Amino acid sequence: MPQPRVLYWFRTDLRLHDSPALKAALDLKPEVLYPIWCWDSHYVYRARVGNNRWQFQIDCMNDVSSTITKLNDKSKLFVLREPAVTLLPKLFKAWKITHLVFEKDTDAYAKERDEQVTASAEKAGVKVIVGPQSRTLWDSDEVLKAHGGKPTMSITQLQAAGAKVGAIARPIETPKGLPGPGDVSLDFDQERPDGKPDINEKYRESDEGTYSSGIAGPESNYSVPTLEELGMRPATTPHRGGESVILDKLEKILADEEYTGTFEKPKTSPAAFEPQSTFLTSPYLHFGALSARYFYHRVEDIVEKRRKEKKAVSVPPTSLTGQLLFRDMYFVAQAAMGYSFGQTYNNSHCRFIPWHLPSKVDLKTGLITGEYEVDDEAKEKEFQRWREGKTGFPWIDAIMRQLKHEGWIHHLARHAVACFLTRGGCYISWERGAEVFEEWLVDHEAACNIGNWQWLSCTAFYSQFYRCYSPVAFGKKWDDNGELIRKYVPELRDMPKKYIYEPHKAPLQDQKKAGVVIKGDGSEGEVDGVPVYPKPMFDFNTQREICIQGIKNAYRVGLHGNDPKVLDGSWKELFSDDAAGPTEGKVGGPGGMLGFEDAEGTDGHHEESATPKRSSRRNVPKVSPEASRKGHKREHSQGTLDGAFGKKAKS
DNA sequence: CTTACGTTGGACTT
DNA sequence: AAGTCCAACGTAAG
C-alpha cells in the first residue's frame with residue numbers, strides 16, 4: 001500500500017504547538033507533507049480586511065513558515081494565490097495527494113467553503129480528515145448539542161453546556177520533525193474567482209494585487225505575500241504577529257503568577273498604552289498563533305497552584321480563563337445561527353430596534369449585502385465622524401484613532417465607542433460599527449465581534465440599556481489627565497486637564513494657549529496654521545435620553561430579527577412616526593429635555609450646540625395588545641428592587 | 001408568583 | 001473607597 005501524500009491546509013491555526021489537526025496529519029505517517037495556505041475568495045472579497053490585520057496575518061504566516069523550515073529544511077509554508085474551492089481539486093491531481101487534512105472551522109462562511117472542498121476531495125478520491133476544532137476550548141457543535149441546539153446566550157449557559165461536553169482538552173506535544181514535501185511544480189493555470197461582491201474595493205489601492213503575481217507568487221516560490229503585493233498601504237500597527245512572538249510573551253505573562261492568578265478584566269484600564277493593561281493575546285488566538293486550550297491550561301495550572309497555596313485567585317467571568325469562556329459562548333451562538341448571527345434580519349435572537357443606517361438585505365438569500373440605507377444624511381455624517389475619530393468627544397475620538405492606526409483597543413474602550421455609536425449616542429445600527437471593527441481590528445474574530453456588538457447595543461446577550469457609558473465620565477474614571485487623548489488626538493495635547501474631555505468648554509484664551517481652535521464639524525484640519533478640533537456633534541445627554549427612550553420603546557414592541565413583521569417590512573406600522581427612529585430634537589418619555597441645559601453654563605461656547613430645542617412629543621408606539629399586557633405586568637413588579645443592579649459584592 | 005442575578009455605569013453622599 | 005440611588009432590562013431559580 002502506498003504511503004500517504006498529505007496536504008495540510010493551514011487556515012486559522014497558524015502554529016505548530018498544540019495542534020491536534022497537525023497531529024492527525026502526522027499520525028498518517030506520510031511520505032510527503034505539503035503545508036499550504038491559500039487564498040480564499042470569501043476572505044478577500046466579502047470580508048473587510050484592513051492592512052493592519054493583513055500584516056499581522058503575514059507575520060504569523062512567516063513565523064510558521066520559518067518554524068516548519070527549522071523542522072525540515074526542505075519545507076516551508078507554501079502559499080498559493082487561488083481560492084481553495086477551485087485550487088484544491090487541481091492540486092490533488094498535480095501533487096498526487098491522498099489525504100487532505102485541516103482543522104474544523106465553525107465560521108458561517110468557512111463551513112460553506114469546507115463543504116465544497118470536502119465534496120470535491122471525495123470526488124477526486126482524496127480522503128479528508130478534519131482535525132478537532134482547537135480555536136475554542138470545546139468543540140462548538142458539541143456544546144451546541146449539549147445546550148439543546150440553542151445558542152448559548154450567557155456565560156452560565158456556556159459553562160453548564162461545556163461541563164456536559166467534558167473536560168477541556170489538554171495541550172498536545174509540538175512535533176519534533178516534519179516530513180518534507182515532494183515535487184512542488186504545477187501544471188495548471190491560476191483561476192481567478194468571481195470577485196463580486198467585492199466590499200473591499202474601496203480599501204485597496206490597486207485591485208489587481210491579490211492575484212496578479214501568479215499562483216506561486218512573484219518569485220514562483222510560493223512565498224508569503226507582502227502588503228505591497230496585495231496592493232495595500234503599509235501597515236501602521238506596532239503589533240507584530242507570530243507563534244514565536246506570542247509564546248515568548250506568554251511566558252513573561254505567566255511568570256507573574258499573581259497577575260495571572262488574580263486577573264480581573266473590569267479592573268484593567270482601557271486608557272493604558274505603552275504598556276497596555278492587558279497582553280493582546282486576542283489576535284494570536286484569532287490566527288491560531290496561540291492555542292486557546294494551551295493558554296487556558298497554562299493559566300488554570302497557575303490558578304490551581306495558588307488555590308493550593310491558599311493565595312487569592314480570580315474566577316470566571318472576570319478572570320483570564322473567563323475571557324476565553326466568552327469567546328466560546330460567541331462561537332457556539334454563531335455555530336447555532338450561521339450567517340444570520342451576523343445580522344439583525346432573520347436573526348431569531350437579535351432584538352429589532354429601528355436603528356439609523358440599517359443594512360440592505362438581499363431578499364433572495366435573506367442575507368445583508370454589505371451596503372446600508374442612508375435614512376438620514378445627518379446620521380450618515382455622524383457615522384463618518386465616529387469612524388474617523390472626529391466626533392468632538394475626545395475620549396471617543398482618541399479610541400477610534402487608536403483603533404484605525406494600531407488595530408487594537410482595550411475591551412472597555414470598545415464598549416465605550418460601541419455604546420456611543422448605538423444605544424448611547426448616535427442610535428446607528430450595530431451592524432455599521434461591527435463592519436468598521438471587522439476592517440480595522442487585528443484581532444477581528446467574526447463570532448466575538450458580532451456578539452459583542454449585539455451585547456453593547458442591547459440587541460442580544462445584554463439588555464440593561466439604562467447603563468450607559470458617558471464619553472466624558474467613563475474616560476475620566478480611568479485617565480483623569482487624559483493621557484490617551486493627548487497621545488491619539490495630538491491637537492489637544494496641551495489642553496489643560498480641566499478641559500481635556502470637553503475642550504469646547506475651554507475659553508478662547510485657553511484654546512489659544514493650548515495651540516488649538518475648537519470649532520466646526522471636523523472638516524477643517526487647521527485655520528491660519530492652528531490645528532482645529534471639532535465641537536461635539538451633539539449634546540450627549542439629550543442624545544442619551546433619546547436613545548434610551550427609543551430602545552425602551554423597541555423593547556416594548558418586542559420584535560426580533562426573524563419576526564414576520566421584520567421580514568416583510570411591516571414593523572414600521574408598530575412604531576409611530578416619532579418612535580420609528582428618534583431623530584434629532586425628538587425626546588420621548590416623561591423626562592423631556594433632560595440634561596440639555598448645561599448645568600455649568602459658564603463656558604460661553606455653546607452657541608452651536610448640536611441639538612436645537614424642539615417641542616418634545618411623546619414617543620408612543622402602537623403596541624400590540626400582547627406586548628401592552630406584558631409591559632403592564634412589568635409595572636406591577638417595580639419598586640421593590642432597590643439596589644437590584646447595584647454592584648455585586650466582591651471579596 | 002417573588003427574588004436574585006447578570007463581565008466591567010454615573011452621580012452623588014459619606 | 002464604599003454606599004445609595006437612578007429608573008427599571010431579561011432570565012432563571014425558588
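Since we're looking at a predicted model, the values are computed, not measured. Note on naming: letters A, B, ... go to the chains in the order of the sequence lines (proteins, then strands), and numbering restarts at 1 for each one.
For the P atoms, the distance linking dG10(B) with dG10(C) amounts to 22 Å, nearest Å. Spacing between dA4(B) and dT4(C) at atom P, rounded to whole Å, works out to 15 Å. The same atom, P, is picked in dG6(B) and in dA8(C); the two are 22 Å apart, to the nearest Å. dA7(C) and dC1(B): their C1' atoms are spaced 23 Å apart (whole Å).
Under the 30°/60° scheme for interplanar angles, the aromatic rings of Y501(A) and W395(A) are found to be tilted. In this structure, Y330(A) and F461(A) have perpendicular ring planes: the angle between them is above 60°, well past the 30° mark. Relative ring orientation between F393(A) and F538(A) is described as tilted, the plane-to-plane angle lying within the 30° to 60° band. Aromatic ring pairs are classed by plane angle as parallel below 30°, tilted from 30° to 60° and perpendicular above 60°; the pair F56(A) and F287(A) is parallel.
Rounded to whole Å, atom P of dT7(B) lies 11 Å from atom CG of L158(A). One interatomic measurement links the two molecules: CD of E545(A) to C1' of dG9(B), which rounds to 15 Å at whole-angstrom precision. Distance, L325(A) CG to dT8(B) C1': 16 Å, rounded to whole Å. Taking atom NZ of K265(A) as the reference point, atom P of dT8(B) lies 13 Å away to the nearest angstrom. Between the CZ atom of R423(A) and the P atom of dC9(C) there is a distance of 14 Å, rounded to whole Å. Between the OH atom of Y469(A) and the C1' atom of dT7(B) there is a distance of 9 Å, given to the nearest Å. For the pair I155(A) CD1 and dT8(B) P, the interatomic distance rounds to 12 Å; values are reported in whole Å. In this structure, H147(A) places its NE2 atom 12 Å from C1' of dT11(C), rounding to the nearest Å.
When distances run from any side-chain atom of R467(A) to the nucleotides dG9(B), dA11(B), dG10(C), the shortest one goes to dG9(B). Out of dT7(B), dG10(C), dT8(B), the shortest distance to the side chain of H415(A) is found at dT8(B). Across dT7(B), dA11(B), dC9(C), the shortest atom-to-atom separation from the side chain of F465(A) is found for dC9(C). Looking at the side chain of H411(A), the nearest of the listed nucleotides dC9(C), dT7(B), dG10(B) is dT7(B). Distances from the side chain of S470(A) to the nucleotides dG10(B), dT8(B), dA12(C) place dG10(B) closest. Here the nucleotide nearest the side chain of Q464(A), chosen from dG6(B), dT7(B), dG10(C), is dG6(B). When the nucleotides dG10(B), dT7(B), dA12(C) are ranked by their closest atom to the side chain of F474(A), dG10(B) comes out on top. Each of dC9(C), dT7(B), dT8(B) was ranked by its minimum atom distance to the side chain of Y555(A); first place goes to dC9(C).
Not one side-chain nitrogen or oxygen of R544(A) sits closer than 4.0 Å to the OP1 or OP2 atom of dG10(B). For the OP1/OP2 pair of dA12(C) and a distance below 4.0 Å, the side-chain nitrogens and oxygens of Q157(A) include at least one atom meeting the criterion. In terms of phosphate contacts, K477(A) brings no side-chain nitrogen or oxygen within less than 4.0 Å of OP1 or OP2 of dG9(B). When the side-chain nitrogen and oxygen atoms of K267(A) are compared with OP1 and OP2 of dT8(B), none of them lie within a distance under 4.0 Å.
Contact annotation for I548(A): no contact, since no heavy-atom pair falls under 4.0 Å across all strands. Counting any heavy atom pair closer than 4.0 Å across all strands shown, Y462(A) reaches sugar-phosphate atoms only and no base atom.
Here K311(A) does not pair with E258(A) in a salt bridge; the nearest charged N to carboxylate O distance is not below 4.0 Å.
Residues E431(A) and S359(A) come closest through the heavy atom pair OE1-OG, 2.6 Å.
Judged as a salt bridge (Lys or Arg N to Asp or Glu O under 4.0 Å), the pairs with a partner in residues 405-428 of chain A (not counting sequence neighbours) are, in order, R414(A)-D443(A).
With both pairing distances under 3.5 Å, dG6(B) is matched to dC9(C) as a Watson-Crick or G-U wobble pair.
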